[in-house]
Asks: 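The structure's right below; bear with me while I get my questions together.
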Amino acid sequence: MITLLSGAALVALMWMRALPGLGPLLWAVLALCVLLALWQWMRLWTRFVVDDRGVTVSLGGFWPQRTWDVHDFRSVQLREVPASQLGTTVGGVGWRRGLVFTPQADDLTAVGTGRIRTSDQPQERYRILATKAGTMVEIIGRKGVNYLLSPEDPQATAAAVDQAIRARR
């Protein structure tokens, strides 16, 4: 929304200065702002599908990305991230890759018959799909990359991922 408003303000200011030949530049600036806003929306408005192959993230709900392969998953657990710590712990919201602070054992809940896993490193590499604070699904990976999701129903999502991991074995 901020991108659209700032783009509209910029176009309005450029329109007031109406110099000859400025028309195509105005349309280019307006198109750029709309495309940036669309990209930001797509990174936040996502859906994902958990199946026997893994987790597939769809940006904007319609553009599927490469599947996070279930063979890369070791275990799944629930992780509590308070709203006051979302920016510092996860580094922001959206679909991305980055470093995330390692959780403490009391922030984690085991799923099914699994056990919780923590790391002795202060930060770990993650593939992140965080859209809100609260209970998130943390998937511990096999190849040094973990996964962090913030679904609407974390318990059901964690159970589905746990079932996919068990079916793989």
Side-chain angles (χ1 to χ4, degrees), residues 1-7 33-51 53-166:
M1 188 61 153
I2 292 173
T3 305
L4 284 177
L5 291 176
S6 60
C33 290
V34 168
L35 289 173
L36 283 172
L38 177 67
W39 177 246
Q40 289 300 322
W41 170 78
M42 286 176 59
R43 288 181 57 222
L44 292 175
W45 187 267
T46 56
R47 73 177 176 89
F48 56 89
V49 176
V50 178
D51 59 15
R53 293 178 298 141
V55 178
T56 304
V57 176
S58 293
L59 298 181
F62 61 87
W63 186 16
Q65 302 300 300
R66 192 177 61 149
T67 300
W68 296 346
D69 192 11
V70 72
H71 296 289
D72 294 339
F73 299 167
R74 176 179 295 153
S75 66
V76 62
Q77 56 199 17
L78 295 173
R79 178 177 180 175
E80 195 64 37
V81 178
S84 62
Q85 297 176 0
L86 180 65
T88 56
T89 302
V90 178
V93 295
W95 175 75
R96 60 190 184 73
R97 296 176 186 192
L99 292 173
V100 175
F101 280 112
T102 305
Q104 302 298 320
D106 56 341
D107 294 333
L108 300 172
T109 305
V111 174
T113 58
R115 62 184 180 96
I116 61 171
R117 296 179 187 262
T118 60
S119 173
D120 57 351
Q121 301 296 321
Q123 289 183 323
E124 294 280 335
R125 288 184 17 212
Y126 278 79
R127 291 186 180 160
I128 305 162
L129 176 57
T131 57
K132 61 183 171 46
T135 303
M136 296 187 184
V137 176
E138 183 176 43
I139 303 168
I140 305 301
R142 293 187 181 279
K143 299 178 183 174
V145 177
N146 301 324
Y147 306 84
L148 191 63
L149 304 167
S150 60
E152 293 297 320
D153 188 356
Q155 286 78 17
T157 303
V161 171
D162 187 50
Q163 182 179 1
I165 292 171
R166 291 182 188 287

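Since the structure is predicted, the reported quantities are computational estimates derived from the model, not experimental observations. What's counted below: heavy atoms across the whole structure, side chains too, no hydrogens, waters or symmetry copies. In this chain, numbering begins with 1 at the start of the sequence shown.
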Asks: Could you measure the distance from the CZ atom of Arg127 to the CG atom of Leu148? Nearest 0.5 Å is fine.
Replies: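 The distance works out to 13.5 Å.
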Asks: Does any non-hydrogen side-chain atom of Leu99 lie less than 4.5 Å from one of Arg125?
Replies: yes
Asks: Measuring only between side-chain heavy atoms, which start at C-beta, is Leu149 closer than 4.5 Å to Trp68?
Replies: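 Sidechains of Trp68 and Leu149: in contact.
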Asks: Do any side-chain atoms of residues 135-145 form donor-acceptor pairs under 3.5 angstrom with protein atoms, and if so which ones, sequence neighbours left out?
Replies:
| unit_1 | atom_1 | unit_2 | atom_2 | d |
| --- | --- | --- | --- | --- |
| Thr135 | OG1 | Glu80 | OE1 | 2.6 |
| Glu138 | OE1 | Gln77 | NE2 | 2.7 |
| Glu138 | OE2 | Arg79 | NH1 | 3.2 |
| Glu138 | OE2 | Tyr126 | OH | 2.3 |
| Arg142 | NE | Phe73 | O | 3.4 |
| Lys143 | NZ | Asp72 | OD1 | 3.3 |

Asks: Could you walk me through whether Tyr147 and Val57 pass the side-chain contact (heavy atoms from CB on, under 4.5 Å) test, one step at a time?
Replies: CA-CA 12 Å; Tyr147 306 84; Val57 176; over 6 Å; no
Asks: Could you report the tightest heavy-atom contact between Val81 and Ala133, atom names first, then the distance?
Replies: O-CB, 3.5 Å
Asks: Could you list all the salt bridge (Lys or Arg N to Asp or Glu O under 4.0 Å) pairs where at least one residue sits in residues 90-105, not counting sequence neighbours?
Replies: none
Asks: With sequence neighbours excluded, give me every side chain to side chain donor-acceptor pair (under 3.5 Å) pair touching residues 34-48.
Replies: none
Asks: Excluding sequence neighbours, so at least two apart, what forms salt bridge (Lys or Arg N to Asp or Glu O under 4.0 Å) with Asp153?
Replies: none
Asks: Compare every heavy atom of Ile128 with every heavy atom of Gly98, then report the nearest pair and how far apart it is.
Replies: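 Heavy-atom minimum between the residues: N-CD1, 4.1 Å.
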Asks: Which atoms form the tightest heavy-atom contact between Val100 and Thr89, and what is the distance?
Replies: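 Closest pair (atom of Val100, atom of Thr89, distance): CG1-O, 3.3 Å.
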Asks: Determine the minimum heavy-atom distance between Phe62 and Pro64, stating which atoms define it.
Replies: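 Looks like O-CD, 3.2 Å.
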Asks: Just how far is it from atom OG1 of Thr102 to atom CG of Leu108, taken to the nearest 0.5 Å?
Replies: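 Here the interatomic distance stands at 10.0 Å.
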Asks: Pairs of donor and acceptor atoms involving the side chains of residues 113-121, under 3.5 Å and at least two apart or interchain, shall be tabulated with distances.
Replies:
| unit_1 | atom_1 | unit_2 | atom_2 | d |
| --- | --- | --- | --- | --- |
| Thr113 | OG1 | Arg166 | NH2 | 2.5 |
| Arg117 | NE | Ser75 | OG | 3.1 |
| Ser119 | OG | Gln121 | N | 3.1 |
| Ser119 | OG | Glu124 | OE2 | 2.5 |

Asks: Going by side chain to side chain donor-acceptor pair (under 3.5 Å), name the residues that satisfy it together with Arg74, two or more places apart in sequence or in a different chain.
Replies: none
Asks: Please report the shortest heavy-atom distance between Leu78 and Ala158, naming the atom on each side.
Replies: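 Scanning both residues, the minimum pair turns out to be CD2-CB, 3.8 Å.
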